[in-house]
There are 2 protein chains.
Amino acid sequence: MHTVVPLQRATLTQTGLRTLVMRERSFAARKTLVDQARGEHLHLLVSGLAGRCHLLSDGRRQITGLILPGELCDLGAQVRPQVSASVVALSHCVLGEIPRSAVFESDRVRPACTQFVIAELARETTVTAEWLVSLGRRSAYERMAHLFCELWTRLHAIGMTDGMSFDLGMTQVDLADVLGMTSVHVSRVLKMLSKDGLLKFSARRATILDHDALCRAAAYEPAYLQAGLMQFA
Amino acid sequence: MHTVVPLQRATLTQTGLRTLVMRERSFAARKTLVDQARGEHLHLLVSGLAGRCHLLSDGRRQITGLILPGELCDLGAQVRPQVSASVVALSHCVLGEIPRSAVFESDRVRPACTQFVIAELARETTVTAEWLVSLGRRSAYERMAHLFCELWTRLHAIGMTDGMSFDLGMTQVDLADVLGMTSVHVSRVLKMLSKDGLLKFSARRATILDHDALCRAAAYEPAYLQAGLMQFA
DNA sequence: CGCTACGTTGAGTGGCATCAAGCGCGGTGG
DNA sequence: CCACCGCGCTTGATGCCACTCAACGTAGCG
């Protein structure tokens, strides 16, 4: 079907993924990028912002993870199929297709890729645990502050910040589904953050006005991210 | 320091872990089992119930994962150190020590163990994502119902249910920190569940009175667990 | 027997949801 | 060109779910 890409015994890295992309496809916001079914390809987010999306039968939606450029959309789905989560585009997205065989050999992870796969899963686990703390124990205000601290750290690590600003591309409705609140309340909390001089969010673009104060409001400790991100950079 | 246990080229399985335990230690409830520092051993929960515990500076606590007998406490910490989560005993616990070298070779996962490590991390991710949906989008009542559905499935899979009952060993305060609510409200919700004939919880023991109704109240779909659990059983 | 942890219950409060209306904007088609 | 519409955002009014505070009963335990 497709060419098997040799890995030349090199350890797979996050940046090295791009060389494995065989074909790129473009998606408008709100489109579904990956369903639960596992196909012939792994999907690398080349640009844009995507979200891991869980739907309840009555329409409630929770986004359980944000996928940034350079990350894989469906690594988890390869390892554990039949999980009812899909990946949706939160902004205009470009997706790169990587042949499954470049990372997997039958159902096993190729040895050259194991460290990478483990690191990716570990990073996802770490971020998700922090989100659990947010949803369980932080107020809407703290939660919002914490999310933007996290996003700045992650986007800065991949060179996608512009000073203290960055484009998100996602709407307030999407933010609400990340933070477990309603879009109405997202609007109000953003207004408070702006009034307090911490953060401005408008036209899908965020500007951090006072980074120290924002971190303090969120009780943000970026250590949890640096560990996972640096180990295999 | 300690003997290196040969793995005889066999794939590591969850049950196979027990043969690697070199020493067992006993802990009272509320004791800290594992700190973030990674030591010479991996810790297998032999019996009891443990929780992955995140503390905020003002005392708020969120438990981001429950560890059941047969699971490893600190696999994640081996892969990504310096994460500020500790593992605490929620009931009396017996912990088995497994030499790090049985699973890791310097900082790499031993090839014979990679599938197991990946499966464990993937299972953790799956459960955690479902908890995010609970905390973000389900009411306290639904959340509680969903947790007990999940626990019954997981405990049943390892033969630790007794009909429709099972011992948890954890208090309502612990339940509150799992579910992101106060212990006062836990008490009230449990009373409602009992009045509705779905679930009884007393003396740290749960009895599911109407499994179908409980699943319906929680909109519970056990598929997400079966995948992860069966793959390497 | 006092102490501490756990659980229950009541009264009052508040954070966030819900409902509803209105605005601005970009896209689309007549 | 403009009417129209859908979408995103904002704002106000109202209500409820869950928190807070507080008191008390109970059980296990040193």
Side-chain angles (χ1 to χ4, degrees), chain A residues 28-31 49 51 56 58-63 88-92 134-145 147 167-196 199-206 217, chain B residues 28-31 49 51 56 58-62 88-92 134-147 167-196 199-206 217:
Chain A
R30 323 189 101 250
K31 294 294 174 197
L49 184 69
L56 298 186
D58 61 355
R60 283 177 288 183
R61 185 173 80 141
Q62 178 67 41
I63 292 173
V88 301
L90 299 178
S91 70
H92 181 87
S134 272
L135 286 179
R137 290 303 180 202
R138 289 195 250 256
S139 70
Y141 189 89
E142 296 171 307
R143 227 181 300 164
M144 183 80 76
L147 177 67
D167 271 316
L168 264 189
M170 72 197 296
T171 68
Q172 293 189 9
V173 176
D174 299 325
L175 269 180
D177 287 335
V178 167
L179 296 168
M181 38 203 255
T182 60
S183 65
V184 173
H185 203 235
V186 165
S187 172
R188 289 195 232 267
V189 170
L190 284 175
K191 194 180 178 183
M192 296 175 79
L193 283 165
S194 163
K195 190 167 47 184
D196 294 346
L199 173 75
K200 239 177 24 188
F201 184 82
S202 91
R204 308 183 182 187
R205 181 176 182 80
Chain B
R30 325 188 99 250
K31 293 295 174 196
L49 185 69
L56 298 186
D58 62 355
R60 284 177 287 182
R61 188 174 77 142
Q62 178 68 39
V88 301
L90 299 178
S91 69
H92 181 86
S134 273
L135 286 179
R137 290 303 180 202
R138 289 195 249 256
S139 70
Y141 189 89
E142 296 171 306
R143 226 180 301 163
M144 182 81 76
H146 198 276
L147 177 67
D167 271 315
L168 264 189
M170 73 198 296
T171 68
Q172 292 189 9
V173 176
D174 299 325
L175 269 180
D177 287 335
V178 167
L179 296 169
M181 36 205 254
T182 59
S183 65
V184 173
H185 203 234
V186 166
S187 173
R188 291 195 231 265
V189 171
L190 284 174
K191 194 179 178 184
M192 297 176 79
L193 283 165
S194 163
K195 190 167 49 184
D196 294 347
L199 172 76
K200 238 177 25 188
F201 184 83
S202 91
R204 307 183 182 185
R205 181 177 181 80

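Sequence lines set the chain letters: A, B, ... in the order given, protein chains first and strands last, and positions in each chain run from 1.
- Nucleic acid contact class of A/Ser183 (heavy atoms, under 4.0 Å, all strands): none.
- Going from atom CZ of A/Arg60 over to atom C1' of C/dC16 covers 15 Å, rounded to whole Å.
- Looking at every heavy atom in both residues, B/Ala176 comes nearest to B/Thr182 through CB-C, 3.6 Å.
- The number of heavy-atom neighbours closer than 6.0 Å to CZ of B/Arg30, taken from other residues, nucleotides and ligands shown, is 12 or below.
- The nearest pair of heavy atoms linking A/Lys200 to A/Ser194 is CG-OG, 4.0 Å.
- Closest approach of A/Val178 to A/Leu135, counting heavy atoms only: O-CD2, 4.5 Å.
- Side-chain proximity of A/Arg143 to the nucleotides D/dA18, D/dG12, C/dC16 is greatest for C/dC16.
- In this structure, CG of B/Leu193 is placed 16 Å from C1' of C/dT8, rounded to the nearest angstrom.
- Taking atom CD of A/Glu142 as the reference point, atom P of C/dG15 lies 12 Å away to the nearest angstrom.
- Across all strands shown, B/Val184 has heavy atoms under 4.0 Å from base atoms, whether or not it also approaches the sugar-phosphate.
- Remark: P of C/dC16 and CG of B/Leu135 are 14 Å apart, rounded to the nearest angstrom.
- In this model, the phosphate group of D/dC19 is approached by a side-chain N or O of B/Thr182 to a distance below 4.0 Å at OP1 or OP2.
- DNA chain C lies under 4.0 Å from at least one heavy atom of each of the following residues of residues 168-180 of chain B: B/Thr171, B/Gln172, B/Val173.
- The 5' end of DNA chain D is approached more closely, in terms of each residue's nearest nucleotide, by A/Arg30 than by the other of A/Arg30 and A/Arg188.
- What separates NE2 of B/His92 from P of D/dG28 is a distance of 18 Å, to the nearest Å.
- The only option from A/Val189, A/Ile63, A/Leu147 that meets the side chain to side chain contact (heavy atoms under 4.5 Å, CB included) definition with A/Leu175 turns out to be A/Leu147.
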Test side chain to side chain contact (heavy atoms under 4.5 Å, CB included) on B/Val88 and B/Arg61; report intermediate values, then the result. CA-CA 12 Å; B/Val88 301; B/Arg61 188 174 77 142; 4.2 Å; yes

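- Between B/Lys191 and C/dT9, a side-chain N or O to OP1/OP2 separation shorter than 4.0 Å is present.
- As a whole-Å value, the separation of B/Arg137 CZ from C/dC16 C1' is 12 Å.
- B/Met192 contributes atom CE, which lies 6.0 Å from atom NZ of B/Lys195 (distance to the nearest 0.5 angstrom).
- Rounded to an integer number of Å, the gap from B/Arg138 CZ to D/dA18 C1' is 18 Å.
- For the pair B/Ser187 and C/dG7, the criterion of a side-chain N or O lying under 4.0 Å from OP1 or OP2 is not met.
- With rounding to whole Å, B/His185 atom NE2 is found 18 Å from C/dT13 atom P.
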